[in-house]
Amino acid sequence: MRSKHTLLAALVLLLAGCNPKPGEKGAEVKEEKKPEALPAMTVNLAAGSNTHYAPGEKRDPQWYVSWLKQAAVVLTQVKEKPDAKEKKPAVKNEISHMEMLGVSGYVFDKGKESSTYTADAGQGDKKTQILSLHGNVHVISKNPKSELFCDRLEYDASKPKKLIRAQGHVRVVQAVGTIGTLPALWASPDLKVVATPDLYNLR
Amino acid sequence: MNPTMRAPNLCLMTLALVIAPAYGWKLSQGGERQFRYIDAAKNMIVLADGGRSEQTSAGTYDLTLTGLVSIDSLSQGLHLTADKVQCQTAKAANNRMDVKHAVATGKVHIVKTVANKGAKEITDITCSKGDLQVAATGDIVALAGPVSLRSESPAKRRTLTATGSSGTAVLEPQAKTQAKDGIRTAHLAGPVKLTLVQPAEKPAKTPADAKPPGEAKVVATSDEMDISNTATLRTVILRGHVKIDGEGSSRVGSFSGIRQATVVLNAAGEVISVNTGDMN
């Protein structure tokens, strides 16, 4: 049963990753032609995992998510107009949105694994580049050793300076003390900087 | 039942139904104060409306705190309140966090309580800006704005109150000390006003119907003032346009037009002599 699910997850990820890499022949054609959007397709999966990458040429990893129970993956298919040589239009599959139950994983900062997390549920969105976690959210940073607990959390990877926005019963347990319980707290991905939202961008 | 009587009750009930859960939710979310920090040893407690914590190295933090800031460090006997505080902490033994450096602005109030064999000595400072640098040799506080410095010994019913425009003070670094005063040394720039209050000395023989003697008070003004409690005999040196008045049961008379005066106090904090220097 598990191998069936893994196979299905692998198929979805294979579909998502089949778009040509920048610099390849297909990528050159893509710039010249306007893609035609097709209706989104939702695929329901059991256990699986996914690494989300930043858009663009660099494709830095932003977060890794593994789900234990189930996930609804929305695949957006983009059909590209065929060029003179190719008769059939190329179809590009992209994971645009994921909704998962029983999630765990880690977030990346500057291309490196920064903190690990677990939560009851999670959503990953390609357009906003935000990973949302809900219910019993627990983030663990190894260096410095620190733990964050909250009801809801957003990992915003849309900007170069990545940010954790935690809400609801937020508590940060550090090596030599505890911050909280607070209604809202922002933090750096490694939990080195934690602040009330009004003071986070002070420096 | 009169329907007109029912309307206000319903309004109140509706209001209570709306407000009570909202207030309960706010309390459950962390109460009125937004930012709160407590160290693992429950020694340092920080409260503020807004706060930012950045770990600089293992166990040390840079804290930026705004809005009704309150910092308590039990091991240091320190209670600091201000509108805004920039604070650096230091990791001490047993997962304890101490204040290492704090720059406080706006309605600054520093209370330092030291205990010598159970007897408490309280130093109470108010100013508009205070820079507290903690060191083993004493906590150095640079004070700006209208400054008020009060040293109190509740057991001995003795107080020293001084006001000035700016100054510095060196305070006892730890809550438990062998010292007999929370202030080691202090300097205030003027115009300075000094008030020393102490219980009156009991005469050797008191008639049964005699009234108890009132407290002894010494009030002095000068351009600047230096307090030194490091020697056995403590001194308060007043400089420039010195004026001294003994009030109540004080045996100190009145002096004026003096360039410098030294008030000498014994270990109990009682005035034992006033030595005047040159006249203005």
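Each chain gets a letter, A, B and so on, in the order its sequence line appears, and its residues count up from 1. Computed from a prediction, not measured in an experiment: that's the story for all the values here.
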**Request:** Output the option from Ser188(A), Ser146(A), Gly180(A) having the highest count of non-hydrogen pairs under 4.5 Å with chain B.
**Result:** Gly180(A)
**Request:** Find out whether Asp156(A) and Arg165(A) are in side-chain contact, i.e. whether some heavy atom of one side chain is under 4.5 Å from a heavy atom of the other.
**Result:** yes
**Asked** So how far is it from Leu132(B) CG to Asp139(B) CG, rounded to the nearest 0.5 Å?
**Response** 5.5 Å
**Request:** For the residue pair Glu152(B) and Thr159(B), confirm or rule out a side-chain donor-acceptor distance under 3.5 Å.
**Result:** no
**Message:** If only side-chain N and O atoms count, and only distance matters, is there a donor-acceptor pair under 3.5 Å linking Asp98(B) with Asn43(B)?
**Reply:** yes
**Complete:** Of the listed Ser53(B), Ala40(B), Gly50(B), the one with the largest count of heavy-atom pairs under 4.5 Å with chain A is Ser53(B)
**Message:** I'd like to verify something: which residue of Ala187(A), Pro144(A), Pro197(A) has the highest number of heavy-atom pairs under 4.5 Å with chain B?
**Reply:** Pro144(A)
